[in-house]
Amino acid sequence: MSQPWLPPDGVTRTSAVITVSAGMFKGGKFRCPAADALKTRGYHTADPVPRRLERLENFTLGPFMAACDARFRPSDSLPRTRTAPLHDGLRTWSDHGVKAYEAAFPADPERPLHEVPEPWTYRYRPSGRDSRNAQEYRFTVWGRCLTSDDGAYRELRLPVHRLNRELPPDGFVAAVALVLAEGAPGPPPQHVRIVEFALFDGRTRELFAGSREQALARYREHGPDAVAGVLDGREYRPGPACGGCPYLSVCPALRAAPGLLGIESPNRPRRTWSVTNGRNYRVCPARDHMRRLHLPTADSVEREVTAERGRALHAYLADRHGHGSPRPCTVEVPEEWVPDGFDLPDRERTLGATLLRRHAAVCPLRCVGDGTDVRTEPRVVRHDTVADVVVIAAPDLLYRDAGSWVWRETKSSATDRRSSQPLLELYPQLALAVVLIGRGDLGGAQSRARVELEVLRPGGADLELIDPFTSANRTAAEGVLRTMVAGWHRDDQYTAVPGRSCRRCEVARWCSASAATEAAA
């Protein structure tokens, strides 16, 4: 028998209406199932802490929706989307998206459609006792809501950045179909259509088109289980969603690490931070901000061959280390070693196989006892309560050596040349690892706890060992983190710093200050 759904201590239910937004059915790593369940059921923290808002708009699709509201919705309807001041990159992206939307959906005089003043909401009131103590259920949708003049046809256009290779979950489509078929206001339609629209290139993809009866049948097939999955979510998933989570103070899964980043700046917006963010910000604050907004990146930069080879090596090792009984890697590397989804030229495939054979000499699985001693690319999330920053890390590998946790980072190089730069500065993720382990944050015995850097080269593998308990290493690591975080933490503008790095910037297309953009103009 399954355990009953229970909220954490410190929250109070303030509504008997359960409200589910369609986006919750998509799930994914950027959502927290437990937080979604709490939100749908109307829970609030007993003692909410006022949060300072970001100065700039950080909802990437918000300005696009606001511009569409101004252009296409009835003049007497209230705006659905309000936005804060826009970063230059977000303004450029939003203008691009509106033009792509207008080109993708030209007016059709044979079947004119108009936007509805109010998006549809499906409401259901249980006739008897409800297991979740709800007096009413509401399902909402978000997107461009259009209908025919007679109300017999409804269409929902879902804006996305790009069309993913994979279709959205069946439960998502089913729930949206139900709202279009049965939602108010307006009379029930005869036909409904759900279509995705990519702001990046204007491509569209139809997710559902059919009669009202077919929409209801789709919901009956896929909807109830999906709804239960959202409403009864139990998994607390610390990560990117923590930045805006109203339940952070009562979350039983997010561990506090006061003082982790070594900065103290009161009355700042709560933010998330990773070493990748830190690197991007160090090169150009605008780049970090645009990456955080998930603006589409240039494939020529993002999927550059050297970077692709590195990602392919990591994917291969993660699969090799993370499945079945842990066995040390050997020099026997399959000829077709490249994982699905990576397209490498022959020379990079050959080099990659050589580097994987070098890994065999330093494979960390030689030290572990069984699968419980291995964590492949785990998400390590800590809340620095002093800075009010949620720190997110993803070690290549955490493994246990005789009861002590070891943090292993693996890098690859096409040459045997070594850098003279100090390791903690060259690879700041090592600095974060040193501080976390040095504070005892990962638990386990200290006797063999350490940080390791594995660098795979054509001529062999380098394995550097860093003791996180020596004062020199701790001091150096803390200095690296402070230097990376301090300026970013107090920045509200993310001004671009044009220069040589623009030509290797994956989001330069959206930056009017970019030297690469100017050269292409």
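Just so it is clear, the values below take in all heavy atoms, side chains as well, and ignore hydrogens, waters and symmetry mates.
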Given side chain to side chain contact (heavy atoms under 4.5 Å, CB included), test R379 with I392 step by step and report yes or no. CA-CA 7 Å; R379 183 185 281 177; I392 304 172; 4.2 Å; yes

What's the verdict on side chain to side chain contact (heavy atoms under 4.5 Å, CB included) for L254 and V381, showing C-alpha distance, side-chain angles and the deciding distance? CA-CA 7 Å; L254 179 62; V381 183; 3.6 Å; yes

CA sep, side-chain torsions, deciding dist, call: T470, N473, side-chain hydrogen bond (donor to acceptor under 3.5 Å, both in side chains): CA-CA 6 Å; T470 63; N473 288 340; 2.9 Å; yes

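Checked by atom type and distance alone, the side chain of R474 pairs as donor or acceptor with a backbone atom of G438 at under 3.5 Å. Formation of a donor-acceptor pair under 3.5 Å by the D384 side chain with backbone atoms of G259 is found in this model. Not a single donor-acceptor pair under 3.5 Å links the side chain of R417 to the backbone N or O of A414. Counting only distance, with no hydrogens or angles, the side chain of N277 and the backbone of S274 share a donor-acceptor pair below 3.5 Å. Judged by distance alone, the side chain of D462 and the main-chain N or O of V455 form no donor-acceptor pair under 3.5 Å. When atom types are taken as modelled, the side chain of S514 and the backbone of C511 share no donor-acceptor pair closer than 3.5 angstrom. In this structure, the side chain of T354 does not engage the main chain of P458 through any donor-acceptor pair within 3.5 Å. R205 places no side-chain N or O within donor-acceptor distance of the main-chain N or O of L167, the cut-off being under 3.5 Å. Here the side chain of H87 pairs a donor or acceptor atom with the backbone of Y494 at under 3.5 angstrom.
Residue V368 comes nearest to D373 through the heavy atom pair CB-CB, 3.8 Å, listed as atom of the first residue, atom of the second, then distance.
Y281 and R287 are not linked by any side-chain donor-acceptor pair at a separation below 3.5 angstrom, with hydrogens and angles left out of the test. Neither side chain, S404 nor D401, offers a donor N or O lying under 3.5 Å from an acceptor on the other. Side-chain contact of D95 with T92: a donor-acceptor pair under 3.5 Å is absent, judged by distance alone. Using modelled atom types, one finds a donor on one side chain and an acceptor on the other under 3.5 Å when comparing H383 with D388. There is a side-chain donor-acceptor pair under 3.5 Å between W407 and E409. In this model, no donor atom of one side chain and acceptor atom of the other lie less than 3.5 Å apart for R292 and N58.
Screening T385, L436, V485 for a side-chain contact (heavy atoms from CB on, under 4.5 Å) involving L260 leaves a single residue, L436. Residue P296 forms a side-chain contact (heavy atoms from CB on, under 4.5 Å) with just one option from E302, H96, R162, and that option is R162.
Taking the six-membered ring for Trp and the full ring otherwise, W93 and H161 have centroids separated by under 6.0 Å. Checked against a 6.0 Å centroid threshold, the rings of F197 and F105 count as neighbours. Note: H321 and H359 meet the aromatic proximity criterion, with ring centroids under 6.0 Å apart. Aromatic pair F59/W142: ring centres closer than 6.0 Å.
Between F25 and F139, the ring-plane angle classifies as perpendicular under the 30° and 60° cut-offs.
Separating the SG atom in C363 from the OH atom in Y399 is a distance of 9.0 Å, to the nearest 0.5 Å. To the nearest 0.5 Å, atoms CZ (R255) and CZ (R382) are separated by 4.5 Å. Interatomic distance, F342 CZ to H314 NE2, rounded to the nearest 0.5 Å: 10.5 Å. With rounding to the nearest 0.5 Å, the separation of OG1 in T204 from OH in Y101 is 11.5 Å. Here the straight-line distance linking atom CD of E452 with atom CG of D396 works out to 12.0 Å at 0.5 Å rounding. To the nearest 0.5 Å, the span separating CG on L432 from CG on L261 amounts to 8.0 Å.
Around atom CG of D225, no more than 12 heavy atoms belonging to other residues, nucleotides or ligands sit under 6.0 Å away. The local environment of CD in E332 is sparse, with at most 12 non-hydrogen atoms from other residues, nucleotides or ligands closer than 6.0 Å. Counting non-hydrogen atoms of neighbouring residues, nucleotides and ligands closer than 6.0 angstrom, the CZ atom of R203 reaches no more than 12 such neighbours. The environment of CZ in R418 is crowded: more than 12 heavy-atom neighbours from other residues, nucleotides or ligands sit within 6.0 Å. Atom CZ of R327 has 12 or fewer neighbouring heavy atoms from other residues, nucleotides or ligands inside a 6.0 Å radius. The environment of D343 atom CG is sparse: at most 12 non-hydrogen atoms of other residues, nucleotides or ligands sit within 6.0 angstrom.
Salt bridge E308/R311: present, at least one basic N to carboxylate O contact under 4.0 Å. Look at E155 and R144 and you find no salt bridge, because none of the NZ, NE, NH1 or NH2 atoms lies under 4.0 Å from a carboxylate O. Salt-bridge formation is not detected for the pair R279/D288: no Lys NZ or Arg NE/NH1/NH2 atom is positioned less than 4.0 Å from an Asp or Glu carboxylate oxygen. A salt bridge links R31 with D36: at least one charged nitrogen is closer than 4.0 Å to a carboxylate oxygen.
Looking at P285 and V497, their side chains come closer than 4.5 Å, going by heavy atoms from C-beta outward.
At least one cation-pi condition fails for R448 and W405: the charged atom is not both under 6.0 angstrom from the six-membered ring centre and inside a 45 degree cone around its axis.
For E425, the side-chain contact (heavy atoms from CB on, under 4.5 Å) criterion is met by Q421, P422, V480, not counting sequence neighbours. Scanning for salt bridge (charged side-chain N to carboxylate O under 4.0 Å, His left out) contacts around E454 gives R408, with sequence neighbours left out.
Within the structure, every pair that satisfies the salt bridge (charged side-chain N to carboxylate O under 4.0 Å, His left out) test and touches residues 348-365, not counting sequence neighbours, is listed here: R309-E348, E336-R349.
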